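For reference, the structure discussed in these notes is given below.
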Amino acid sequence: MGKIKEIERRRTFAIVSHPDAGKTTLTEKLLLFGGQIQVAGAVKSNKIKKTATSDWMEIEKQRGISVTTSVMEFDYEDYKVNILDTPGHQDFIEDTFRTLTAVDSVIIVIDSARGVEVQTRKLMEVCRMRKTPVIVFINKMDREGRDPFDLLDEVEDELAIQVRPLSWPIEQGDRFKGVYNIYEGKLDLYTPSKQKVTEKIELDLKSDELAKHIGEKQAKQLRDDLELVQGVYPQFDREKYLNAEIAPVFFGSALNNFGVKELLDCFVEIAPSPRPVQAEERIVHPEEPQFSGFIFKITANIDPNHRSCIAFCKVCSGKFERNVPYYHVRHDKTMRFSSPTQFMAQRKTTIDEAWPGDIIGLPDNDVFKIGDTITEGEDLHFRGLPSFSPEMFKYIENADPMKQKQLARGIDQLMDEGVAQLFVNQFNNRKIIGTVGQLQFEVIQYRLLHEYNASCRWEPVRLYKACWVESDDPEEFELFKRRKYQYMAKDHEGRDVFLADSSYMLQMAQADFKGIRFHFSSEF
Ligand code: G4P
């Protein structure tokens, strides 16, 4: 198969949702269609079962929370589908954000009874920032949920994106009859089944046949609803979807495997193949002859006995080949990879080549950091791996004076992995760890102990926000740093960070120093 064909057939995406909306269930059903698993219930990435995709870390097993992100890939018809799994727990949302930098599109799962939830909103913000095309799957139609028009209104308002239903539910809950597949013009009748693929009926909406299948009242309601849909929502326009201006919406029930195949069939057809990627220097096109890629994720020490980390690399252009020397831009060094891997849950296979859109696992012995770029020699730096201002802060202290070195090394590596953010206060030299949730502190403490043999202790620090600061006026910047010397810190990359202990203090600083820019995400 030629290069262009290989690129065009790839669909690299993530399924994201607020916890419990049905992301894992939907992923599992997609894997069923991809022939990767034979029975439902085999994948439970955030509940951790035997063949779970992401239970590499001991802590996950104990807590039943998926902490790492893994990749699942399969062939479906002529397409190669790469699903990037994301952790379900909200404390690891940063991990999900980073994964979103490696996908070409996203499917957002929404619970039909709960509508748009906090995490859905946050994830959508990242998609919007990156102009990632989004498809919405409204799940759990077998349960009593909200009115579909109300739900669509909410999605439009809360996620700030125009929607266009491509399927339409016929009743819901106990009365759920199925969906009308607007995209294909077919009626899909619902038979509750966890495994079976549903039957499609092709029929004219105006024909009497419709009532025979779903009932007189429902047939009328469906016709009315569809008329309204056609009147209210713009026609589906693939270009607009690819430009992230419109989100197609599907309804279904992942648990009952209903509406999933329809979603997948439409998804592979309309979703983008690998897109050009913006590097600092230039835009990199997938079809370029030379290989380039970036590291978006580094896993935990999968096997603590071997200290084996894996760096996940998204191929952006060219063709990756095993054992070919590549250029590690940050280290300014050439290296070759003899055992690059592809993934299916814990099953890894060594690969000889990979194409744009693919995710490859590179064994990492402290050579990679999140955001590292590999090329065939060009000095490229891929952008767009944001760190957001953390929400919780604690001082990290050494609890075992004999293990100072181990602690420093552990902290350093965990930060490279992007587990949390480190700020070193310039005033007292104390290290502050910033996270988005309490659980991350526990994970860090656990991993420092089990992987680095180091003990740490947490101490409270009163902080409201850490924001990156910069200015075009060196004099004002120096004055700012002098005045706020107690509150100045450096991040892991050595950039200046202002630690505000209250929103009032932040507002005052912003008012007093008009020439200073305060950033709440590291991508500026
Ligand atoms: P998540 O990854 O987004 O966190 O959600 P997950 O798929 O784990 O689903 C959360 C719960 O919702 C699960 O129930 C799952 O079975 C249920 N669910 C998913 N899709 C549907 C659906 O279409 N209809 C209905 N009625 N339920 C659905 P659980 O009781 O938490 O887990 P389990 O005991 O079923 O494993």
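Whatever order the structure lists ligands and atoms in, that order sets their numbers, starting from 1. What you see is a predicted model, and the numbers here were worked out from it, not measured in a lab.
Among Asn257, Asp142, Thr27, the residue whose heavy atom lies nearest to atom 26 (N) of ligand 1 is Asp142.
Residues meeting the ring pair (Phe, Tyr, Trp, His ring centres under 6.0 Å) test with Tyr180, sequence neighbours left out: none.
Annotation for ligand 1: atoms under 4.0 Å from non-hydrogen atoms of Asp20 are 1 (P), 3 (O), 4 (O), 5 (O), 10 (C), 12 (O). Atoms of ligand 1 lying under 4.0 Å from at least one heavy atom of Ser17, given by number and element, are 3 (O). In the vicinity of Ala254, heavy-atom distances shorter than 4.0 Å reach the ligand 1 atoms 23 (O). Residue-ligand proximity, Thr25 to ligand 1, at heavy-atom distances under 4.0 Å covers atoms 6 (P), 7 (O), 9 (O), 15 (C), 19 (C). Residue-ligand proximity, Lys23 to ligand 1, at heavy-atom distances under 4.0 Å covers atoms 1 (P), 2 (O), 3 (O), 5 (O), 7 (O). With ligand atoms numbered from 1 in the order given, ligand 1 contributes 1 (P), 2 (O), 7 (O), 8 (O) to contacts under 4.0 Å with heavy atoms of Thr24.
At least one N or O atom of Arg143 sits closer than 3.5 Å to an N or O atom of ligand 1. Considering backbone and side-chain atoms alike, Leu255 places an N or O below 3.5 Å from some N or O of ligand 1. Considering backbone and side-chain atoms together, Gly22 places an N or O closer than 3.5 Å to an N or O of ligand 1. Not a single N or O atom of Pro19, backbone or side chain, sits closer than 3.5 Å to an N or O atom of ligand 1.
Aromatic pair Phe258/Phe176: centroids less than 6.0 angstrom apart.
A side-chain donor-acceptor contact under 3.5 Å links Glu154 to the backbone of Val116. Listed for the Arg128 side chain is a donor-acceptor partner under 3.5 Å among the backbone atoms of Leu159.
Ring planes of Phe13 and Phe267: tilted class, angle from 30 to 60°. Relative orientation of the Tyr76 and Phe33 rings is perpendicular, given thresholds of 30° and 60° on the angle between their planes.
When only modelled atom types and interatomic distance are considered, Gln438 and Lys394 share a side-chain donor-acceptor pair under 3.5 Å. When only modelled atom types and interatomic distance are considered, Tyr446 and Glu451 share no side-chain donor-acceptor pair under 3.5 Å.
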Would Glu125 and Arg121 satisfy salt bridge (Lys or Arg N to Asp or Glu O under 4.0 Å), going step by step from the backbone distance to the final call? CA-CA 6 Å; Glu125 265 167 46; Arg121 262 192 301 270; over 6 Å; no

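Contacts between Lys140 and ligand 1 below 4.0 angstrom, taking non-hydrogen atoms only, involve backbone and side chain alike. Under 4.0 Å from ligand 1, heavy atoms of Ser253 appear from its side chain as well as its backbone.
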